[in-house]
Amino acid sequence: MTDREQAVAALQEMTDPKRSAGLMQSGRVSGLTVREDGTAGLVLAVDDLTRAEAQALESAVGARLRAAGFAAVRIIQTSERGAAPVADAGAVAGVRHVIGVGAGKGGVGKSTVAAGLALALKRRGLAVGLLDGDIQGPSLHILLGVKERAKATADKQLLPVEAHGLKMLGMGLMADPDKAVAWRGPMVAGALVQMATVADWGALDVLVVDLPPGTGDVHLALAQKLKPSGALVVTTPQALATADARRAVSFFGVVQVPVLGVVMNMAGMPAPDGTMLYPFGKPDGAGLGAEVLAELPLDPAVVEASDAGRPLATGAVAEGLDLVAARLAAQLGL
């Protein structure tokens, strides 16, 4: 019996507190994985439970798995109660591959990498869309210099905006840019899925989804509703960022989204005398849990171009993202 089969057997003995079935048969548990270090991880749906019931069930599941011999247990609770209505389809119509670009920590240049990756994939001749999944802090419209507002058809189908050869959509194209989106987590997650599934993307090879920092409701919605082909994790070299990147890699493993690789952003900066400066520490990809696909330099030209809404197609950063795009295209068979 494998470790995962052992975990399944342990949970099959438990009864679902609300549904007339065993815990594994009721659909309560998903994304069950067991790591080499003996850590078991799973996603626990608690949409029909009170907070007290959910906490009691989580404790019981953890105790059962630890009693079965697992060294540690990681449980992610998910509830979509109160979310906006979303399509039941498990994937985005017309889109061959969905790729999430995430980061455990904010401020590491995730959105810049997401936009640059989409453009790099476009340079390979692919049909690419870009969805700003950071509902409460959208920025892709600024990076790409888009001021046009998204429109909808008579039957309320969203029409993505064309920008730099990409089809793009996000709250920055729909909400008042000067007002905060004060929504709770389930509503934010519902908005992501609605933008993805109710939009007319046409035929796309890849839809790149720029996720908010961290690992929360939006990331769970991506994993469970949009069926992504994989995720890319962005970090900078300093220990604070890489610690969060490790957690992001672990999270995607728990929800069974393949991590396609890690991008080390702002990895160094060339000085006028030719030496390399490391303002955030020397890059070290060891222990991240996924392969580092590129180390992108800190380049002031990228900042200037991004602020002006004119993303760079040349230079060291663009060349690095071209290499990442080539690796991802190979992994996805594009």
Side-chain angles (χ1 to χ4, degrees), residues 1-35 38-92 98 100 133 135-136 182-198 211-212 214-228 231 247-248 250-257:
M1 182 181 293
T2 65
D3 289 342
R4 188 179 186 281
E5 289 171 341
Q6 185 178 346
V8 170
L11 295 178
Q12 280 178 335
E13 298 174 0
M14 300 184 68
T15 302
D16 191 292
K18 290 284 187 179
R19 305 169 186 175
S20 57
L23 196 63
M24 292 301 296
Q25 290 75 28
S26 68
R28 179 83 63 185
V29 174
S30 62
L32 178 61
T33 59
V34 178
R35 293 169 50 178
T39 298
L42 57 93
V43 177
L44 195 64
V46 296
D47 53 300
D48 57 343
L49 304 180
T50 66
R51 179 170 297 184
E53 290 170 337
Q55 291 300 110
L57 180 59
E58 179 179 335
S59 298
V61 169
R64 179 61 62 95
L65 289 173
R66 283 188 289 271
F70 293 96
V73 181
R74 294 172 180 262
I75 298 175
I76 298 173
Q77 291 187 18
T78 176
S79 170
E80 295 184 2
R81 181 168 40 204
V86 298
D88 289 329
V92 183
V98 174
I135 308 299
Q136 293 165 314
W183 293 350
R184 294 187 183 276
M187 291 182 65
V188 173
L192 169 79
V193 180
Q194 274 200 309
M195 284 194 296
T197 58
V198 186
L211 298 166
T215 51
D217 290 291
V218 169
H219 307 76
L220 287 167
L222 173 88
Q224 296 172 343
K225 294 290 186 179
L226 304 187
K227 307 247 187 223
R247 282 188 282 270
S250 174
F251 168 85
F252 285 119
V254 169
V255 296
Q256 296 185 318
V257 175

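Computed from heavy atoms alone, side chains included, the values below leave out hydrogens, waters and symmetry copies.
- Atom CG of Leu192 sits about 5.5 Å away from atom CG of Leu226, to the nearest 0.5 Å.
- Counting only residues at least two apart or on different chains, the salt bridge (charged side-chain N to carboxylate O under 4.0 Å, His left out) pairs with a member in residues 61-73 are Glu13-Arg64.
- Shortest non-hydrogen contact noted between Val8 and Met24 is O-CG, 4.1 Å.
- Considering every non-hydrogen atom in both Leu211 and Leu222, the closest pair reads CD1-CD2, 3.9 Å.
- Within the model, atoms NZ of Lys18 and CG of Asp48 stand 7.0 Å from one another, a figure rounded to the nearest 0.5 Å.
- Qualifying salt bridge (charged side-chain N to carboxylate O under 4.0 Å, His left out) partners for Arg74, counting only residues two or more places apart in sequence or in other chains: none.
- Distance check, rounded to the nearest 0.5 Å: CD of Gln256 to NZ of Lys227 gives 10.5 Å.
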Could you go through the side chain to side chain contact (heavy atoms under 4.5 Å, CB included) check for Leu65 and Leu42 one step at a time? CA-CA 11 Å; Leu65 289 173; Leu42 57 93; 3.8 Å; yes

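- Distance OG1/Thr50 to CG/Leu57: 10.5 Å, rounded to 0.5 Å.
- Under the side chain to side chain contact (heavy atoms under 4.5 Å, CB included) criterion, Ser26 pairs with Asp16, Arg19, Ala21, Arg28, not counting sequence neighbours.
- Residues Val73 and Gly62 come closest through the heavy atom pair CG2-O, 3.9 Å.
- Two residues are said to be in side-chain contact when any heavy atoms from C-beta on lie closer than 4.5 Å; Val29 and Leu44 meet this criterion.
- To the nearest 0.5 Å, atom CG of residue Leu11 and atom CD of residue Gln6 are 11.0 Å apart.
- How far OG1 of Thr215 is from CZ of Phe252: 8.5 Å, rounded to the nearest 0.5 Å.
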